[in-house]
Amino acid sequence: MNFDNIILELVLIFSGAAVIATLFLYLKQPIIVAYIVLGMAIGPGGVALIDNAEHIEKLSHVGIILLLFLIGIELQPDRLLKLLGKTSLVTLATSSIFLLLGMGVALLFNFSLKESLIIGAALMFSSTIVSLKLISTTALHHRHSGEMMISVVLLQDIIAIVLLVLISGVHVGNVTLTLFYLLAKLLALVGTSFLVVNWVINPLFVRFDVIQEYALVLSLGWGLLGAGVASLLGLSYEMGAFIAGVSFAISPVALVIAEMLKPLRDFFLVLFFFSIGASFDGLVTEDVVTAGIVLTLVLLVAKPIIFRIAFQTVKEKTNIATELGIRLGQASEFSLLVAYAALVAGHIGPRASYLIQTVVILSFMISTYIVVWKYPTPIASMSGRQAS
């Protein structure tokens with residue numbers, strides 16, 4: 001990888017983002033969409049000023065890791081456990097319905113049964129990034145709807161990890177054992193994280209709390225370490241970062257550290273949304289564009305309705321259930337991982353993979369408009385307030 005090329009690409013991305021974001025602000029459009037449009041315009045599918053966005057995409061995942069770490073920091077563990085218990089049935093039931101719905105639409109467009117099953121499975125998740133980024137920090141952590149949304153996307157992340165294990169070629173006879181080991185590793189990571197924070201991290205903060213730079217480096221190192229260890233254990237970077245954050249929430253300086261890390265998080269999230277747009281190849285997906293549009297519209301209509309009914313079933317108020325449904329009404333970045341894993345394993349062909357990619361990008365963009373129109377937030381760019 002050429003270092004000079006990386007510098008040039010960052011110059012192009014952030015100078016371009018500044019220009020197009022300014023335009024979107026004047027037009028009162030969601031700024032997230034500006035970054036996606038920029039990726040489509042100057043990425044491989046556009047004028048190709050950046051002809052290979054793969055390394056940008058990998059780098060951008062640091063933003064997702066930091067986002068999950070910061071969310072974990074501001075959640076108390078006991079409250080999170082109660083929410084997970086309440087939303088587990090909702091998450092499992094809705095995910096099953098979305099799987100069948102996506103599978104049915106794919107079958108109508110002449111995809112094979114196996115490909116249709118994987119397409120449905122990939123698109124049953126909601127985006128952690130879009131759903132959590134489009135809600136203000138105060139509402140996310142101090143309102144019931146924000147906490148419920150966090151618990152749903154976390155459970156979906158766990159389901160996604162299990163799905164990736166199954167797709168990646170695990171032999172049928174070993175599936176149960178593999179999943180048992182994953183659960184054991186998850187519990188071990190949670191327990192170890194709390195012990196390390198209590199006996200190592202917190203004492204270090206107490207000892208050197210006057211050195212702000214050290215506090216930032218220590219907390220950032222802890223979050224990234226959690227992500228890296230989780231990946232080595234067969235979990236996801238995002239899950240590890242969240243666990244590191246929740247364990248760090250017991251620290252007396254947790255909220256201060258969270259504020260310090262937000263600018264760094266936003267830097268990498270710009271790269272993430274850019275890479276989403278840059279990964280879109282309009283020429284390759286022409287033969288599936290109709291299927292992509294239909295499937296996107298089906299999901300955008302069905303997900304909010306099904307989520308609303310499911311949350312009302314567990315006694316949530318109608319307004320909260322409706323808001324949660326709208327905010328969770330898109331496909332997920334995990335959908336792209338599932339598509340890639342299935343393509344590499346030979347379970348689907350390029351056509352099915354491009355269909356998933358098309359639905360993810362279209363649902364990201366349309367859902368963003370719907371959410372910021374229905375529930376205005378700083379990132380909606382409708383005002384001069386600072387984004388959370």
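Values below: all heavy atoms of this structure, side chains included; hydrogens, waters and symmetry mates excluded.
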Chi angles and distances behind the side chain to side chain donor-acceptor pair (under 3.5 Å) call for His347, Glu115: CA-CA 7 Å; His347 298 309; Glu115 286 186 325; over 6 Å; no

Would you find more than 12 non-hydrogen atoms of other residues, nucleotides or ligands less than 6.0 Å from Tyr369 atom OH? yes

Please evaluate residues Phe274 and Ile13 with respect to the criterion side-chain contact (heavy atoms from CB on, under 4.5 Å), reporting the C-alpha separation (whole Å), side-chain torsions for both, the decisive distance (0.1 Å), and the verdict. CA-CA 8 Å; Phe274 172 86; Ile13 291 170; 3.7 Å; yes

To the nearest 0.5 Å, what is the distance between CD1 on Ile150 and OG1 on Thr128? 10.5 Å

Apply the test side-chain contact (heavy atoms from CB on, under 4.5 Å) to residues Val153 and Ser131: give CA-CA distance (whole Å), side-chain angles for both, the deciding distance (0.1 Å), then the verdict. CA-CA 9 Å; Val153 295; Ser131 59; 3.8 Å; yes

Counting distance only, does the side-chain N/O of Lys303 pair as donor-acceptor with the main-chain N or O of Gln330 below 3.5 Å? yes

Using atom types as modelled and distance alone, determine if a side-chain donor or acceptor of Ser126 lies under 3.5 Å from a backbone N or O of Leu328. yes

With a 3.5 Å distance limit and no angle check, can you tell me whether Glu333 reaches the backbone of Ser127 through a side-chain donor-acceptor pair? no

OH/Tyr340: more than 12 non-hydrogen atoms of other groups inside 6.0 Å: no

What is the distance from atom CG of Leu70 to atom CG of Leu261, rounded to the nearest 0.5 Å? 5.5 Å

CG of Leu295 to CD1 of Ile119, rounded to nearest 0.5 Å, is 7.5 Å

Nearest heavy atoms of Leu101 and Ala302, plus distance in Å: CD2-CB, 3.4 Å

Close side-chain approach of Leu59 and His55, heavy atoms under 4.5 Å: no

Report yes if the distance between the aromatic ring centroids of Phe208 and Tyr214 is under 6.0 Å, otherwise no. yes

For the pair Thr87 (side chain) and Val90 (backbone), establish whether a donor and an acceptor sit closer than 3.5 Å, ignoring hydrogens and angles. no

Considering all heavy atoms, the nearest Ala17-Leu38 contact: N-CD2, 3.4 Å

Judged by atom type as modelled, is there a donor-acceptor pair below 3.5 Å linking the side chain of Thr91 to the main-chain atoms of Gln156? no

Quick check for you: to the nearest 0.5 Å, what is the distance between Leu362 atom CG and Ser367 atom OG? 12.0 Å

Are the aromatic ring centres of Phe267 and Phe14 under 6.0 angstrom apart? yes

Leu100 and Met124, any side-chain heavy atoms less than 4.5 Å apart: no

Heavy-atom nearest pair, Ser353 first then Leu343, reads OG-CD2, 4.0 Å

Examine Tyr35 together with Phe364 and report whether their ring centres are nearer than 6.0 Å. no

I'd like to know if the side chain of Thr192 reaches the main chain of Leu189, judged simply by a donor and an acceptor atom lying under 3.5 Å from each other, with no hydrogens or angles considered. no

Nearest heavy-atom contact between Leu66 and Leu220 is CD2-CD1, 3.5 Å

Any donor-acceptor N/O pair, Trp222 side chain to Ile201 backbone, under 3.5 Å: no

Tightest non-hydrogen contact, residues Leu123 and Ile356, listed as CD2-CG2, 4.1 Å

Compare every heavy atom of Asn110 with every heavy atom of Arg351, then report the nearest pair and how far apart it is. NH1-O, 4.2 Å

Does the pair Phe205 and Phe248 meet the rule for a ring-ring contact (aromatic ring centres under 6.0 Å, His included), with working shown? CA-CA 11 Å; Phe205 273 120; Phe248 190 65; 5.6 Å; yes

Could you go through Phe111 and Leu355, starting from their C-alpha distance and side-chain angles, then the distance that decides it, and tell me whether this counts as side-chain contact (heavy atoms from CB on, under 4.5 Å)? CA-CA 10 Å; Phe111 287 91; Leu355 173 63; 3.6 Å; yes

When you look at Val246 and Ile243, which way does the side-chain contact (heavy atoms from CB on, under 4.5 Å) test go after all the steps? CA-CA 5 Å; Val246 172; Ile243 291 171; 5.9 Å; no

Which of these, Val359, Ile293, Val105, sits in a side-chain contact (heavy atoms from CB on, under 4.5 Å) with Val298? Val105

Please determine which of Ile20, Ile366, Thr368 meets the side-chain contact (heavy atoms from CB on, under 4.5 Å) test together with Val33. Thr368

So, does Ser275 use its side chain to make a donor-acceptor pair with the main chain of Phe272 at under 3.5 Å? yes

Are the side chains of Met365 and Ile36 in touch, meaning some heavy atoms are under 4.5 Å apart? yes

Less than 4.5 Å apart, side chain to side chain, heavy atoms only: is that true for Thr322 and Phe307? no

Taken to the nearest 0.5 Å, the spacing of Ile305 CD1 from Ile326 CD1 works out to 10.0 Å

Polar side-chain atom of Lys374 near backbone of Glu323 as donor-acceptor pair, under 3.5 Å: no

Is the shortest side-chain heavy-atom distance between Leu155 and Ser88 below 4.5 Å? yes

With a 4.5 Å heavy-atom cut-off, do Val130 and Phe273 have their side chains touching? yes

When rounded to the nearest 0.5 angstrom, what distance separates CG in Leu324 from CZ in Phe311? 4.5 Å

Under 3.5 Å, is there a donor-acceptor pair between the side chain of Ser335 and the main chain of Ala122? yes

State yes or no: do Val301 and Phe98 share one hydrophobic cluster built from I, L, V, M, F, W and Y residues joined by side-chain heavy-atom distances below 4.5 Å, directly or via other members? no

